[in-house]
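Below is one structure, written out as structure tokens; comments come after it.
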Amino acid sequence: MIEINGMAHVVLTVSRFDEARAFYCELLPFLGMHKVFDGNNFVYHVGGRTALGVQRAAAEHEGERFVQGRVGLHHLCLRARSREDVDRAAAKLRAMGAVIDRGPMEREWAPGYYFVVFEDPDGIRLEINHIPGKGLLAGETPAAPSDDPDWGPNP
């Protein structure tokens, strides 16, 4: 057995690349990530023990919107260091004119789970959350997200 050391990177393919580049190039530096590559079809930010890349979709997929219930990505969640950081991120998203689906708010998925869910220009859903302490690793009871009406395919 090995123990992984975080998630190295995620790359999102977007159909509205210029809008997505502007969105992520404003948001990610606010979250402490540094742009290390910016090309015609790809932009890449690194920080917080991970990286996020955004790449242009193939021409035949231009203009398509993200569908959360399809095979593939459901949503991407970035971990904040405090509830206040979640609040600051939500304020930044509002100032950017981003679509905020819910939050900031607390839910029972883990003790103290506090989050905001929002969309990028293609409708890809992202979340920023904070869980104090060890979160789900603190107890022996397994999480049951399928019991939550907000978990699962969205229409």
(message) Let's go through Asp122 and Glu64 carefully: what are the C-alpha distance in whole Å and the side-chain angles of both, what is the deciding distance for side-chain contact (heavy atoms from CB on, under 4.5 Å) to 0.1 Å, and is it a yes or a no?
(response) CA-CA 8 Å; Asp122 276 358; Glu64 290 183 11; over 6 Å; no
(message) For a side-chain contact (heavy atoms from CB on, under 4.5 Å) check, start with the C-alpha distance between Lys35 and Val43, then their side-chain angles and the critical distance, and finish with the verdict.
(response) CA-CA 7 Å; Lys35 183 168 47 177; Val43 62; 3.7 Å; yes
Below 4.5 Å, heavy atoms only, C-beta onward: do [X] and [Y] meet side chain to side chain?
X	Y	result
Leu27	Asp120	no
Arg83	Pro104	no
Met96	Phe30	no
Arg102	Phe115	yes
Asn5	Arg49	yes
Val14	Phe66	no
Lys92	Leu31	no

Nearest 0.5 Å, please: how far is [atom2] in [Y] from [atom1] in [X]?
X	Y	atom1	atom2	answer
His130	Asp87	NE2	CG	11.0 Å
Thr13	Asn41	OG1	CG	11.0 Å
Ile131	Arg107	CD1	CZ	13.5 Å
Arg21	Glu26	CZ	CD	14.5 Å
Asp38	His45	CG	NE2	7.5 Å
Leu126	Leu93	CG	CG	9.0 Å

(message) Consider side-chain hydrogen bond (donor to acceptor under 3.5 Å, both in side chains). Of Tyr114, Tyr113, Trp109, which one does Asn129 pass it with?
(response) Tyr113
Atom of [X], atom of [Y] and distance for their closest heavy-atom approach:
X	Y	answer
Val116	Gly103	CG2-C, 4.0 Å
Ala20	Val54	CB-CG1, 4.2 Å
His61	Ala57	CB-CB, 4.1 Å
Pro132	Pro111	CD-O, 3.5 Å
Arg56	Asn40	NH2-O, 2.8 Å
Tyr44	Gly53	CD1-CA, 3.6 Å

Hey, quick one: are [X] and [Y] part of the same hydrophobic cluster, counting side-chain heavy atoms closer than 4.5 Å, chains of contacts allowed?
X	Y	value
Val36	Met7	no
Phe17	Leu52	yes
Val11	Leu76	no
Ile128	Val117	no
Ile124	Val67	no

(request) Could you check Arg65 against Arg16 for side-chain contact (heavy atoms from CB on, under 4.5 Å), going step by step and ending with a plain yes or no? (result) CA-CA 9 Å; Arg65 296 248 328 142; Arg16 296 163 51 181; 3.9 Å; yes
(message) Let's go through Phe118 and Arg125 carefully: what are the C-alpha distance in whole Å and the side-chain angles of both, what is the deciding distance for side-chain contact (heavy atoms from CB on, under 4.5 Å) to 0.1 Å, and is it a yes or a no?
(response) CA-CA 6 Å; Phe118 58 99; Arg125 288 179 50 143; over 6 Å; no
